[in-house]
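The structure appears right after this line, and notes come after that.
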Amino acid sequence: MSNQNSCSKCEKKGIILLQHGALCQNHFLSYFEEKVFKTINKYNLLNRDDKICIAASGGKDSLTVLYLTKKYLEEKKISKENLFALVIDEGINNYREHTLSDLKEFCNNYDIPLKVVTNKEEFGYTLDEAYPIINKETKKKPCNICGVWRRYLLNKYARQFGATKIITGHNLDDEAQAVLMNIFKANTKLSAGLGPISGTKEQDLFVQRVKPLYFCTEKETRLYTVLKGFKVDFTECPYAADGFRANIRDMLNDFENKYKGTKQSIINSFLAMLPLLKEQARGESYAPPTRCTICTEPANKDVCNACVLKEELKNA
Amino acid sequence: MKIQVTFEKDQSIKEVSVEGNTVLDLLNHLAINPETVLVVKNNEVITEHEILSENDCLELLSVISGG
């Protein structure tokens, strides 16, 4: 074994190479968990009196964030009554049933209450049913429809179940991709909504979203799930074909491979600019959200995007 | 040297002849970016610098989520 392969902290055999050297299994697990807990503390992602909704899917990121949030609450001696998981069943055949089954088993094993909300019950259509109808009229892609309904349901039901924070499993790769996508598409206003904590406390209608895995790469997160023995289903969503994001992801991974720390540097640069982006967004056209005239959920227009989709289905 | 590689994604198995003797040599041969996989040998995750031996059996775990 070469020296490059030895843990930089204890000389044991390394299992991952990071920017500043290799780490063995034990040191990696400590490093990863400390990084997540430090993120929660530094950005004040959770308060003692928060009721926490974890947006879960059954994928590696959501299982990791479920497990570590529960561990964090236990270490801080905060009641686990404050925690529940919420999953949106979009109605995607041959996909969601697999991840949902793993998620139910995981939540059962770790004693985390799980609430399931479905597109079918809420909107009358599964995503599989709604997509061809909406697409025929509007050319909207499945991920556009899925994203609008998912965000709507997460916020609506997290709030109805009394949550004061929504935890998501977004990791460093997701965020670095989003930052670059917004730059490449000149959507810098959208970047004002990124960061480890989104939304503002004054907006009661929108539950704040927080990202404890903000500084964890996708590779680190997968390694954590492997070492912890979490059962993760890797069935791909049949609609997952966002060519633009995939190209950005590949480009970032190429850079990361050549120049270790690239993704972290993008996020560090972004965080330095984020206060300015937020200030600019507030100054330009800040208007507090109103309520949708159809469903009364928060909206930035008269009718929220979820109801716009419902109307398109009704009129098809 | 000859290495047997199992791809987690589709459970396919491939026998690969590699020049060089490290995991990185193997990944380069397969045109796989090390950032996108974890490499497992005898149920242990190993780094790109690990030295391989003839007829080693490896599994490649995909890091990227599928949506």
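Order of the sequence lines fixes the chain letters, A, B, ..., with proteins taken first and strands second; residue numbering starts at 1 for each chain.
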>> Minimum heavy-atom separation for B:Ile64 and A:Asn253, please, with both atom names.
In response: CD1-ND2, 4.2 Å
> Which heavy-atom pair separates A:Leu17 from B:Thr47 by the least distance, and what is that distance?
Replying inline: CG-CB, 3.9 Å
>> If I take atom CG from residue A:Asp250 and atom CG from residue B:Asn33, how far apart are they, to the nearest 0.5 angstrom?
In response: 8.5 Å
Check the surroundings of atom [atom1] in [X]: do more than 12 heavy atoms from other residues, nucleotides or ligands lie under 6.0 Å from it?
X: A:Lys120; atom1: NZ; result: yes
X: A:Lys140; atom1: NZ; result: yes
X: B:Glu19; atom1: CD; result: no
X: A:Phe255; atom1: CZ; result: no
X: A:Lys228; atom1: NZ; result: yes

> What part of A:Lys260 gets closer than 4.5 Å to chain B, counting heavy atoms only: side chain, backbone, both or neither?
Replying inline: side chain
>> Does any backbone or side-chain atom of A:Asp254 lie under 4.5 Å from a heavy atom of chain B? Answer side chain, backbone, both or neither.
In response: both
> Taking it one step at a time, do A:Val226 and B:Val45 satisfy side-chain contact (heavy atoms from CB on, under 4.5 Å)?
Replying inline: CA-CA 9 Å; A:Val226 170; B:Val45 180; 4.2 Å; yes
> What part of B:Val39 is in contact with chain A, defined as an atom under 4.5 angstrom from a non-hydrogen atom: side chain, backbone, both or neither?
Replying inline: neither
> Can you tell which of B:Leu61, B:Leu38, B:Val63 makes a side-chain contact (heavy atoms from CB on, under 4.5 Å) with A:Leu223?
Replying inline: B:Leu38
>> Check A:Arg249 with B:Glu35, please: is the shortest side-chain N to carboxylate O separation under 4.0 Å?
In response: no
>> Under 4.0 Å between a side-chain nitrogen and a carboxylate oxygen: does that hold for A:Lys12 and B:Glu44?
In response: no
> Counting distance only, does the side-chain N/O of A:Lys219 pair as donor-acceptor with the main-chain N or O of B:Pro34 below 3.5 Å?
Replying inline: yes
